[in-house]
Amino acid sequence: MVLAKKYNFKEVEEKWMKDWEKSGIYKFQINSQKKIYSLDIPPPTISGKLHMGHAFGDSLQDFFVRFKRMNGFNILNPFGTDNNGLPTLRLIEKEKNVDSKSMSREKFIELCNKTIKEEFIPMFLKDAKRLGISADWDLFYSTIDERSRRISQESFIDLYKKGREYRIESPSLWCTECQTTIAQVELEDKEFSSFFNDIKFNVDGKDLVIATTRPELLSACVAVFYNPIDKRYKKLKGKMAKVPLFGFEVPIMEDEKVDLEKGTGIVMCCTFGDQTDMEWQKKYKLPIKEAISKDGKLTKISGKYEGLKVEVARKKIIEDLKQEKLLLNQKQINHAVNTHERCGHPVEIITSKQWFIKYLDLKKDMIKWGKEVEWYPSHMKNRYDNWIKGLQWDWSISRQIPFGIPFPVWYCKDCDEVILADEKQLPVDPLVDKPNIKQCKKCKGKEFIPEKDIMNTWATSALTPSIVKDLLKGTPAYDKIKNKPFSVRRSGHDIITFWNFNTIVKSNLHYGKKPWEELLINGWILGKDGKKMSKSRGNVISPQETLDGFGADPLRYLSASAKLGDDVSFSEQELQNGKKLVTKLWNASKFSLMHLEDYKDEKIKLEAIDKGILSKFNFLIKEISESFENYEASKARMILEMFFWGQFCDNYLEIAKDRLYNPDIRGIKERKSAQYTLNYILTNTLKLFAPIIPFITEEIFVNGFNNSDSIHISSWPKHFTKLKDESNEKVWERFVEILSFVRQEKSKQNKSLKEEIVLILPRKDKELLLECIEDLKAVTKAKDILNGRELEVKL
RNA sequence: GGACCCAUGGUCUAGUGGUUAUGACGACUCGUUUACACCGAGUAAAUCGCAGGUUCGAUUCCUGCUGGGUCCACCA
């Protein structure tokens with residue numbers, strides 16, 4: 001079929017997007033005997049729309065998925081969305097104008113599920129499909145759906161039975177804004193401007209000056225510390241210090257953690273101002289005094305400041321200190337404060353009853369588990385190792401928000417015994433459902449209190465391998481995958497310590513094996529300015545506008561411009577280059593097809609030049625395949641593009657023209673040889689490009705070359721062995737060199753490329769010229785050859 | 001404070017223990033309209049961040065430094 005004069009990406013992409021879905025070519029084949037290549041995809045957090053980060057990461061992943069599919073693998077590529085926990089809660093509250101606190105959990109989950117299913121997911125999927133992601137859309141999960149709730153609760157019960165979970169009253173990181181416990185991973189440093197206040201304590205009637213940024217915690221002061229090597233304070237050992245404004249006394253103690261340089265070299269320990277305070281409280285068995293309540297207000301022990309918000313209380317206390325002449329000095333400083341990354345609010349340490357997964361004892365194993373997975377690029381594993389080395393807390397999984405997956409737990413009202421749900425009743429909501437037992441095993445109590453908390457999102461997200469496997473339960477394929485790690489997971493480097501780490505941990509705790517064989521870590525797509533895209537910088541570009549303006553292929557082309565793990569700056573130029581490549585492919589195909597109408601696949605003798613370029617191409621197929629194999633799509637793209645554009649289009653097509661247009665002069669044999677070469681290189685170039693730019697390649701392959709099946713389920717080009725003679729490749733390379741030399745000389749002599757020129761070539765080229773002179777003459781408008789001492793050629 | 005990544009023509013980038021160091025964009029000089037002006041040819045443009053070391057030979061390997069980025073910890 002002859003291709004249209006111009007390529008209309010909008011029409012074509014829309015058409016194939018629908019066609020692929022209808023024909024189901026990307027579906028996992030449950031009955032197939034083919035080798036399985038499975039992906040455990042990290043579900044994107046639904047924030048309504050697909051953003052550039054998704055588009056970038058998903059494209060990278062799709063390159064390899066398509067490559068593997070064409071290499072005969074049965075692809076298990078599900079699609080999921082993360083709709084669990086706080087971000088979703090916030091989004092639904094905003095979109096639906098509701099307050100989750102005033103609804104029942106059941107009702108709210110129902111609303112979430114409905115909104116997610118009917119509004120967010122369809123919009124998200126549409127964008128992903130437009131991008132050409134070759135997922136199996138039927139294998140879909142959401143991290144809040146019934147299956148995920150069940151699996152997450154099963155996980156909890158399993159870990160509890162394995163003795164890996166405990167619930168204790170413990171100081172934990174608490175966000176007073178979101179009213180929930182948060183985990184170490186959810187912290188983010190933020191610079192705040194604040195005051196370093198020199199405050200007068202009193203020891204034996206004398207002043208003892210202590211610097212603090214948090215005077216509102218004075219009422220929770222339980223000790224003051226100095227460094228044992230600090231001679232200034234040695235004499236204070238064992239004495240008591242009187243806390244200003246509050247008047248109670250606390251012991252003065254030594255600890256080498258105290259920084260001599262900071263402030264006055266003496267520090268107050270409040271339960272709890274920071275992590276060091278917690279350590280000291282534990283180490284010296286200090287009392288616990290709570291100055292701040294869960295809603296961020298001061299408590300009873302703060303006396304007249306009770307009920308004030310932290311920031312307000314701080315100001316008030318400073319005022320009072322000033323008044324009483326207890327404030328010596330105030331220094332403005334900028335300091336980093338731990339904040340909750342979701343809301344940006346400073347985090348407090350507050351005591352409450354929380355569930356933990358015990359894993360601090362497993363650091364060595366965790367490092368070992370990390371080694372069992374193949375990391376691409378390998379240096380990304382350092383982040384994983386580094387994270388483990390820095391771990392200081394067990395994994396706190398309780399969250400005090402209404403939306404999420406509940407703990408499958410009740411407590412005996414009389415003895416507080418933990419009562420687990422029966423695995424058969426999962427998923428369960430203890431607020432609604434009742435335990436399967438009638439009385440407490442321990443004390444025979446008959447009343448049970450449901451756990452109100454829900455599990456942290458990551459506790460569920462870390463189970464995506466189990467969730468995906470569960471999707472296939474009951475199919476013939478299930479047995480093949482159930483006990484095997486997935487082939488690969490791909491994720492951004494920002495979530496190594498969230499998703500990847502937690503998934504590795506849970507997989508090993510539950511099943512004693514790694515979750516995947518390979519882990520691909522991609523970088524970020526940055527704004528045009530090379531900085532992270534953010535609303536405040538105003539450098540955000542939506543994939544939707546790029547898809548509208550350029551199409552999916554150029555956007556994917558852009559995604560293939562950097563090594564795996566490297567960041568890519570969004571570049572209009574690169575998008576333009578992608579678009580030009582699409583056009584070039586279209587035009588080169590249009591031209592070739594014009595001359596291939598009578599082409600028959602028959603045995604022919606190839607011309608020397610044709611053998612040459614085919615031999616070169618053959619070698620490149622090998623290199624390109626290896627690049628894809630090693631997850632180096634950018635390398636594959638580069639090699640292929642250079643060959644296609646610089647060699648095939650710029651040189652070979654020009655050589656072929658004379659033979660194609662003038663078969664009566666050049667001969668039928670020569671024409672057929674050119675046709676063979678054109679057909680071969682073009683067909684295979686389309687295949688090699690197909691993983692990266694699936695739309696244009698599909699259009700040409702199916703409609704131009706009249707193939708009945710999709711290019712995406714065609715077989716990957718093999719590098720053939722017929723032309724294994726390396727000298728063929730040399731012929732092509734030397735031919736191009738001579739071509740280039742001729743052009744150079746003409747340019748130097750200011751002659752048109754059409755004009756003739758007399759040149760001296762080395763004798764060693766004689767053989768080559770004898771074979772290829774007609775092609776050389778055709779492409780350089782040569783008229784004759786002259787023989788001299790050297791090889792004189794009139795071209 | 002700990003860890004990691006990066007540094008190559010004006011810009012973006014490939015790559016290697018010995019190469020005339022790759023390509024693209026941009027610049028300049030030409031050409032072309034029978035696939036393509038979203039084209040082609042040619043030219044100029046890089047002492048491969050700095051300083052040492054290993055080596056017959058370093059842009060490439062090692063050490064240190066500088067600059068940029070990222071993660072982690074601390075932050076009274």
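Chain identifiers are assigned alphabetically (A, B, ...) following the order of the sequence lines, protein sequences preceding nucleic acid strands; residue numbering begins at 1 within each chain.
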| said: Which nucleotide wins on minimum distance to the side chain of A:K580, given the candidates B:A41, B:C38, B:U70? | reply: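 Minimum distance to the A:K580 side chain belongs to B:C38.
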
Counterpart base for [N], defined by Watson-Crick or G-U wobble contacts under 3.5 Å:
N: B:A7; value: B:U66
N: B:U60; value: none
N: B:A73; value: none
N: B:A41; value: B:U29

| said: With nearest nucleotide decided by heavy atoms, which residue, A:N651 or A:K579, maps closer to the 5′ end of RNA chain B? | reply: A:K579

| message | By nearest heavy atom, map A:N587 and A:T212 onto RNA chain B; which one lands nearer the 5' end? | response |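 Result of the comparison: A:N587.
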
| message | Could you tell me if A:K289 sits above the aromatic ring of A:F248, with its cationic atom closer than 6.0 Å to the ring centre and no more than 45 degrees from the axis? | response | yes

| task | State whether A:Y226 and A:R232 meet the cation-pi test: NZ (Lys) or CZ (Arg) under 6.0 Å from the six-membered ring centroid, and within 45° of the perpendicular axis. | result | no

| Step by step, would you call A:D567 with A:K532 a salt bridge (charged side-chain N to carboxylate O under 4.0 Å, His left out)? | CA-CA 10 Å; A:D567 294 341; A:K532 202 174 160 182; over 6 Å; no

| task | Would you please name every residue forming a ring-ring contact (aromatic ring centres under 6.0 Å, His included) with A:F591, sequence neighbours left out? | result |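 A:H595.
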
| request: Please measure how far the P atom in B:G18 lies from the corresponding atom in B:U59, and state the result in whole Å. | output: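 My reading of the P atoms in B:G18 and B:U59 gives 11 Å.
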
| message | Whether the side chain of A:K584 and the base of B:C36 hold a donor-acceptor pair under 3.5 Å is what I'd like checked. | response |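 Under the 3.5 Å cut-off, the side chain and the base do form a donor-acceptor pair.
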
